[in-house]
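Counting starts at 1 for both ligands and their atoms, following the listed order. Note: hydrogens, waters and symmetry copies are ignored here, and every other heavy atom, side chains too, is used. Given the structure is predicted, the values throughout are model-derived calculations rather than measurements. Residue numbers start at 1 and run along the sequence shown.
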Amino acid sequence: MNLPAVLSLLLVVSTVQAFQYTELTQFIDSHQEEYVETLRDWVAIESDSSNVMRRKDLHRMMDVVAQKLRLMGGTVELVDIGEQELPDGQTLLLPKVVTAQFGTDVNKHTVCVYGHVDVQPAKLEDGWATDPYNLTDINGHLYGRGASDNKAPVLAWIHAVGAYQALNMELPVNVKFVIEGMEETGSNGLDAMILAQRDTFFSDVDYIIISDCGWLSRRPALTYGTRGNCYFFAEVEGPKQDLHSGVYGGTVIEPMTDLIGILDTLISPSGKILIPGIREAVAPLSDEEWKMYQDIQFDVEDYKNKIGVSQLMYSNKVDLLAHRWRYPTVTIHGIEGAFSDPGTKTVIPAKVTAKFSIRQVPDMDPAMVEKQVTDYLHSVFAKRKSPNKLKVTMVIGAKPWLADTQHPLYEAGKIAIKRVFDMDADLIREGGTIPVARTFQDVLGKSIIMMPIGGFDDGMHSQNEKMSRYNYIEGTKLFISYLNEVSQIQKISV
Ligand SMILES: C[C@H](N)C(=O)N[C@@H](Cc1c[nH]cn1)C(=O)O
């Protein structure tokens with residue numbers, strides 16, 4: 001039979017058993033405390049990927065994930081992804097990537113759940129009300145670094161698979177996991193690993209599912225786009241060591257003054273990016289998008305109050321959503337080498353390094369942005385006629401991602417959300433970045449859905465990050481339901 005010429009529809013036999021939703025959700029409800037305890041154990045591991053002093057914890061975190069999946073009977077691998085080069089030239093082992101597989105039935109779809117278990121830095125002194133690494137339940141909110149981003153969602157997927165197993169129910173689809181430990185620093189080493197395993201681990205994967213983002217409001221959501229991120233270091237180096245500002249101030253051209261001067265040329269007070277070429281690359285907002293944003297329920301006053309500001313950059317909903325999701329922005333994150341402790345040290349820092357990033361949207365290209373930013377900063381710096389040295393480096397270059405919401409994965413998501421929450425799903429975009437999303441799309445050619453369970457007010461990356469018990473537990477039920485819905489998608493073979 002001339003198969004390539006024939007388009008045939010194969011009806012996938014979804015499950016041998018009928019979907020026993022009630023039994024599964026009762027199981028989840030009755031195991032709630034156990035799930036919270038596991039999250040507590042995971043949050044207790046300070047798996048901060050940006051702090052080299054915490055690398056041991058990160059390795060331990062990956063071992064814990066692998067062991068959890070092994071105990072459930074998965075086929076588990078800890079994949080070595082090599083080393084990371086640090087700015088001082090030293091190298092450090094990257095945390096291994098955990099891959100796991102549950103089920104190998106060729107008559108079923110295979111989904112691959114991606115998640116990460118590294119976290120952003122957090123210290124009690126940053127202004128946390130509780131110890132960031134001791135999961136604390138206050139009125140049904142589970143506070144702890146990484147609780148929402150992304151440990152509870154990863155666990156919720158694991159619990160979903162575990163519930164089917166515990167009740168001796170056949171999984172409606174084969175489930176694979178890819179869990180990494182470097183997402184927060186740009187997913188170092190992961191692209192290469194995906195490319196290397198394209199024809200092995202990923203060869204039978206039909207769909208990728210990611211739950212590393214949050215809802216827009218109290219309504220459950222499906223996410224169809226993320227911004228990318230270009231992260232830069234701009235270093236200005238002057239005298240050979242720090243100097244007394246009373247003794248030398250007024251005679252030395254200070255690196256910090258140079259640095260602040262050039263940083264101030266990146267973006268105007270009203271949010272206009274001043275780097276030539278950046279705004280020109282942005283795809284214009286279509287009428288269809290405008291209408292979608294207009295129809296989304298989103299309370300601007302609530303948003304303002306939640307983040308504690310008296311005024312926002314834009315006051316209407318459409319402008320706000322557009323600038324949160326699909327326009328670029330510049331953020332200055334910090335300056336290494338600058339005096340930042342309490343007290344009044346009177347020093348001229350000899351070398352300062354600014355950290356800033358530019359969120360990417362279609363049709364921006366990180367390679368182009370790297371050149372635009374580097375050329376621009378050097379030209380601005382040259383005008384200062386400073387004897388100091390400027391070095392600009394792009395350390396992360398992650399592309400934006402956009403999905404087709406007409407794909408059956410999204411229809412399946414809407415049905416699962418309706419079943420669990422009795423609400424219609426919001427279709428939203430995410431202003432943050434999931435660096436690997438575009439790799440899954442470009443390298444594997446797979447369709448991706450993002451199914452967040454994080455709350456709109458979870459405070460990811462901030463002080464007092466939390467995950468509500470409600471979202472954690474109902475989110476687990478959502479994943480159970482979603483696996484069943486995905487099994488109903490018809491397979492088209494050519
Ligand atoms: C959306 C996701 N939970 C997240 O927070 N991702 C990080 C990834 C990143 C980007 N640049 C460096 N890391 C983010 O958006 O900041």
Is there any N or O on D212 that sits under 3.5 Å from an N or O of ligand 1?
-> yes

Does Y231, backbone or side chain, put an N or O under 3.5 Å from an N or O of ligand 1?
-> no

Give the contacting part of I396 toward ligand 1: side chain, backbone, both or neither, where contact means a heavy-atom distance below 4.0 Å.
-> side chain

With sequence neighbours excluded, what pairs up with K56 under the side-chain hydrogen bond (donor to acceptor under 3.5 Å, both in side chains) test?
-> none

Check whether any side-chain N or O of D118 sits under 3.5 Å from a backbone N or O of E184 as a donor-acceptor pair, and report yes or no.
-> yes

Between N471 and I453, is there a donor-acceptor pair closer than 3.5 Å when you use the side chain of the first and the backbone of the second?
-> yes

Side chain, backbone, both or neither: which part of H461 has a heavy atom under 4.0 Å from ligand 1?
-> side chain

Residue pairs fulfilling ring pair (Phe, Tyr, Trp, His ring centres under 6.0 Å) with at least one residue in residues 393-412, sequence neighbours excluded | Y207-H407

N or O contact, T185 vs ligand 1, cut-off under 3.5 Å = no

T433 N/O under 3.5 Å from ligand 1 N/O = yes

Once you round to the nearest 0.5 Å, how far does NZ of K414 lie from OG1 of T405?
-> 6.5 Å

Atom CZ of R70: over 12 foreign heavy atoms under 6.0 Å | yes

Nearest protein heavy atom with distance in Å, relative to atom 13 (N) of ligand 1 = E184 O, 3.2 Å

The atoms of ligand 1 lying under 4.0 Å from a heavy atom of D149, numbered in the order shown, are 3 (N), 5 (O)

Atom 11 (N) of ligand 1 sits nearest the protein heavy atom N229 ND2, 2.9 Å

For H159 and F479, run ring pair (Phe, Tyr, Trp, His ring centres under 6.0 Å): C-alpha distance rounded to whole Å, both residues' side-chain angles, the deciding distance at 0.1 Å, then the answer.
-> CA-CA 9 Å; H159 302 324; F479 296 160; over 10 Å; no

Over 12 non-hydrogen atoms of neighbours within 6.0 angstrom of NZ in K391 = no

Ranking R359, Q120, R227, E183 by closest non-hydrogen atom to atom 14 (C) of ligand 1, top hit is R359

Numbering as shown, the atoms of ligand 1 that approach G432 to under 4.0 Å (heavy-atom distance) = 15 (O)

